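Presented below is the structure to which this report refers.
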Amino acid sequence: MSYLVHQVNMNNIFSINAIGYISVKDAVREFENHFKKDVTLPKIKPAILFTNQFGRFYEDREYNINDLLKIKFVNEKAVENNYKIDIRPLKNKIIFKDRENQKAYTLKNGEKAIYFEHQLFNFLVFENNNWQYMFGIDKRLSKVTPGLVEIANSIE
């Protein structure tokens, strides 16, 4: 995890490992083991440079409804290069209906996707293979937002 973790530690802000982030591969494995079901990640990413990627499986031991896989892509030299993927089981999906400026897309698998803008991120939310996916990309990268649908279509 190289430079980013070391830089953050030197500034005494926090450690990526201390807040539960591990390799994407290990986080996906924990998530899949928990649900006893495979998850498919997109084959492509936004067309911007990332230097680091991290994953985290959140297990909701109290209510058992907020289990979530989080994957983050960052660039240590360009903070706006910030992209994230959240994946949760459909039985615990978040409903995103009736948000302002929401746009609907149809993915190549026939599923509907909802695109909306929020304070810091632009989001694309859709369902695939009994999972709810939510892609978020830093608003400062709005020029790559249309690519989120293409990224969603890369999940097979």
Side-chain angles (χ1 to χ4, degrees), residues 1-28 30-31 39-60 66-90 92-109 111-129 131-156:
M1 291 187 202
S2 74
Y3 179 79
L4 179 63
V5 173
H6 296 300
Q7 178 183 359
V8 170
N9 285 339
M10 287 174 21
N11 292 331
N12 294 321
I13 299 172
F14 63 87
S15 166
I16 294 296
N17 288 334
I19 59 172
Y21 283 95
I22 57 178
S23 75
V24 171
K25 182 179 177 180
D26 289 343
V28 168
E30 286 180 16
F31 184 73
V39 66
T40 305
L41 298 179
K43 292 185 182 203
I44 59 175
K45 293 182 265 195
I48 53 178
L49 179 63
F50 300 109
T51 57
N52 300 48
Q53 59 185 8
F54 312 100
R56 181 173 182 190
F57 166 53
Y58 292 90
E59 183 177 2
D60 177 4
N66 294 311
D67 295 340
L68 171 71
L69 174 64
K70 293 183 91 46
I71 300 171
K72 294 187 179 246
F73 299 85
V74 296
N75 185 309
E76 62 196 37
K77 294 184 168 95
V79 295
E80 68 276 5
N81 288 16
N82 191 1
Y83 167 62
K84 60 185 179 175
I85 301 172
D86 291 351
I87 305 171
R88 62 179 36 87
L90 276 185
N92 301 328
K93 73 180 180 178
I94 299 173
I95 307 298
F96 292 96
K97 292 184 178 179
D98 302 325
R99 288 192 171 263
E100 289 183 34
N101 300 321
Q102 208 171 263
K103 295 178 188 172
Y105 294 90
T106 301
L107 302 177
K108 72 178 184 182
N109 66 2
E111 291 288 343
K112 299 291 182 196
I114 297 170
Y115 169 82
F116 62 94
E117 296 179 359
H118 199 257
Q119 293 172 336
L120 301 175
F121 281 84
N122 296 337
F123 292 100
L124 184 74
V125 181
F126 61 96
E127 299 172 5
N128 188 320
N129 200 22
W131 300 116
Q132 181 184 51
Y133 290 78
M134 183 167 70
F135 297 164
I137 193 156
D138 192 297
K139 281 188 108 147
R140 294 171 285 187
L141 298 172
S142 61
K143 65 184 180 286
V144 300
T145 299
L148 293 178
V149 172
E150 182 182 346
I151 295 166
N153 281 327
S154 77
I155 299 174
E156 296 178 352

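From a predicted model like this one, the values you see are computed outputs, not experimental measurements. Heavy-atom basis, side chains included; hydrogens, waters and symmetry copies ignored.
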*Audit row: I71, F31, side-chain contact (heavy atoms from CB on, under 4.5 Å) steps and yes/no*: CA-CA 11 Å; I71 300 171; F31 184 73; over 6 Å; no

*From CA spacing to verdict: side-chain contact (heavy atoms from CB on, under 4.5 Å), T40, W131*: CA-CA 9 Å; T40 305; W131 300 116; over 6 Å; no

*Where do F73 and I85 land on the side-chain contact (heavy atoms from CB on, under 4.5 Å) test, with the steps shown first?*
CA-CA 9 Å; F73 299 85; I85 301 172; 4.0 Å; yes

*Using the side-chain contact (heavy atoms from CB on, under 4.5 Å) rule, take L41 and V24 through it: C-alpha gap first, then chi angles, then the decisive distance, then the call.*
CA-CA 10 Å; L41 298 179; V24 171; 4.1 Å; yes

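I44 CD1 to E150 CD: the interatomic distance, rounded to the nearest 0.5 Å, is 4.0 Å. Once rounded to the nearest 0.5 Å, the distance linking CG of L141 with CD1 of I48 reads 4.5 Å. With values rounded to the nearest 0.5 angstrom, E59 atom CD is found 9.0 Å from E30 atom CD.
Residues E127 and N109 come closest through the heavy atom pair O-ND2, 4.4 Å. When all heavy atoms of D67 and P89 are compared, the pair lying nearest together is O-CD, 3.8 Å. Contact detail for I151 and P46: the closest heavy-atom pair is CD1-N, 3.4 Å. Of all non-hydrogen atoms in N122 and E117, the two that sit nearest each other are OD1-CG, 3.1 Å. Smallest separation of non-hydrogen atoms from E80 and D138: O-CB, 3.2 Å.
At least one donor-acceptor pair closer than 3.5 Å links the side chain of N81 to the backbone N or O of L49. Without hydrogens or angle criteria, K43 side chain to S154 main chain gives no donor-acceptor distance under 3.5 Å. Panel note: side chain K139, backbone H118; a donor-acceptor pair is recorded below 3.5 Å. Judged by distance alone, with hydrogens and angles left aside, the side-chain atoms of Q132 form a donor-acceptor pair with the main-chain N or O of I94 at under 3.5 Å.
A donor-acceptor pair shorter than 3.5 Å can be found between the side chains of N66 and D60.
In summary, of the residues considered (Y105, Y115, F135), a side-chain contact (heavy atoms from CB on, under 4.5 Å) with V149 occurs for Y105 alone. For the side-chain contact (heavy atoms from CB on, under 4.5 Å) criterion with K77, the lone passing option out of V79, V74, N75 is N75.
Residues K108 and E156 form a side-chain contact, since some pair of their non-hydrogen atoms from C-beta on lies under 4.5 Å apart. Side-chain contact between I22 and R56 is absent, with no heavy-atom pair separated by less than 4.5 Å.
Under the 30°/60° scheme for interplanar angles, the aromatic rings of Y133 and F126 are found to lie parallel.
Counting non-hydrogen atoms of other residues, nucleotides and ligands closer than 6.0 Å to NZ of K84 gives a total above 12.
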